[in-house]
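Reviewing the structure listed below.
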Number of protein chains: 2
Amino acid sequence: MSTGPSPDGTVVAMCSALADETRWSILTALGQGDASASALARSLPVTRQAIAKHLAVLQEVGLVETVQVGREVRYRVIGTELSAVARRLDAIGTEWDRRLAAIKHIAESI
Amino acid sequence: MSTGPSPDGTVVAMCSALADETRWSILTALGQGDASASALARSLPVTRQAIAKHLAVLQEVGLVETVQVGREVRYRVIGTELSAVARRLDAIGTEWDRRLAAIKHIAESI
DNA sequence: CTCTTGTGCAACCACAGAGTTGCATATACT
DNA sequence: AGTATATGCAACTCTGTGGTTGCACAAGAG
C-alpha cells in the first residue's frame, strides 16, 4: 500500500489563492466574461489597485490569463489548472477514506 | 446557459484550511495513521500548541475528527469533505473551460 | 501516593497580506 | 492639442493568524 498522494507547492499556492472571498468575487465576475481591472473595480466594492493585486496572484497560479485589447488589459478565467488541482484533492480525499474503510473493516473482523 | 456553479463559504473555508504547509504536514502525517497532538508535535518542527490550533481549524472544516483513547485525543483524517469540495472545484474549472471553448469557437467562425 | 505525560487556556510576538491613498505615465477619444 | 481614462508602482495602515512561552489541571504509569 502506498503512502498516498502528497501535495506539492502548487496545491498550497492554488488553495491560498482560492482562500479569499474577494478573489472569488473577481473569478465569478470574470466567469460572466473577460474584463479589465478597472471594469472589475466598478462592479466590486474594492479599489482598482486591490483588484490588480488579486489578479496578479490569480495569474501566478494560472487561474487567469491576460489579453491586451487596445490600451486596456483584459483578464480571462482559465479552468484547466483549477480542475487539475481539484482532481488531485479528490484523489487525496478518496485515499483517506479508503484507509478509514480498511480500519473499520479490521475493527469489525474482531 | 447558466452562470455556472458559485462557491459558498464552505469552499473558501476549506481552501483556507488547505492553504498552509504545516497543516498539510499534519494531514499527511495523519494519513499514516491516527495520532494525538503531542505525538504529532514529536515528529514535526512546531509546538504542540501550534499543532492543536491547526487541528482545530482542520476539524472545523471537517477534514479531521477526534477519537478519545484513554486520556489522549487521537485525530483521524476524513476524506469525504475534501472530495466533495474537490468535485465542486472541478465542476467550476470545467465550466470555465467550456465558456472559453465557446468563445474560441465563435472567434473561429468569423 | 508520586511522577510523568497529555490537554487546555491565555497572553504575547511577528510577519503576511488585504486594502488604501497618492503619484506618474501612457494611450485613446474629441 | 487637450482631456479623460487605463495602467503601474510605491508607501502606508491594520487586521488576521501562525507560532511561541508559561501555567494550570487531569489522568495514566510506577
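Chain letters run A, B, ... following the sequence lines, proteins first, then strands; residues in each count from 1.
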Heavy-atom nearest nucleotide on DNA chain C taken for Thr22(A) and for Arg48(A); more 5' hit belongs to Thr22(A)
Are any of Ser38(A)'s side-chain N or O atoms less than 4.0 Å away from OP1 or OP2 of dT7(D)?
yes
Of the candidates dT20(D), dA26(C), dA26(D), the side chain of Arg71(A) sits closest to dA26(C)
dG19(D) OP1/OP2 closer than 4.0 Å to side-chain N/O of His54(B)
yes
Spacing between Leu40(A) atom CG and dA18(C) atom C1', to the nearest angstrom:
17 Å
Report which part of the nucleic acid Ser36(B) touches: base, sugar-phosphate, or nothing (heavy-atom distance under 4.0 Å, all strands).
sugar-phosphate
Atom CD of Glu60(B) with >12 non-hydrogen neighbours under 6.0 angstrom
no
Given salt bridge (charged side-chain N to carboxylate O under 4.0 Å, His left out), test Arg88(A) with Asp90(B) step by step and report yes or no.
CA-CA 10 Å; Arg88(A) 296 181 59 183; Asp90(B) 185 26; over 6 Å; no
Determine the contact category for Arg74(B): base if any of its heavy atoms lies under 4.0 Å from a base atom, sugar-phosphate if only primed atoms, P, OP1 or OP2 are that close, otherwise nothing.
nothing
For the pair Glu72(B) and Arg74(B), find out whether any cationic side-chain nitrogen is under 4.0 Å from an anionic carboxylate oxygen.
yes
Hey, which of these two, Arg42(B) or Gln49(B), hits DNA chain C nearer its 5' end, going by closest nucleotide?
Arg42(B)
Any non-hydrogen side-chain atom of Val64(A) less than 4.5 Å from a side-chain atom of Leu30(A)?
yes
Could you give the CD1-to-P distance, from Ile51(B) to dG19(D), as a whole number of Å?
9 Å
Taking atom types as they are modelled, is there a donor-acceptor pair under 3.5 Å from the base of dG18(D) to the side chain of Arg23(B)?
no
Cationic N near anionic O, under 4.0 Å, Asp97(A) to Lys104(A)
no
Distance in angstrom units between Leu44(B) CG and dG18(D) C1', rounded:
14 Å
Between dT7(D) (C1') and Leu55(A) (CG): distance, integer Å
12 Å
Quick check on dG19(D): is either OP1 or OP2 less than 4.0 Å from any side-chain nitrogen or oxygen of Thr47(B)?
no
Using only heavy-atom distances, decide whether a donor-acceptor pair under 3.5 angstrom links the side-chain of Lys53(A) to the base of dG17(C).
no
State which of dT7(D), dA18(C), dT20(D) makes the closest approach to the side chain of Glu72(A).
dT7(D)
Testing dT7(D), dG19(D), dG19(C) for proximity to the side chain of Val46(B), the answer is dG19(D)
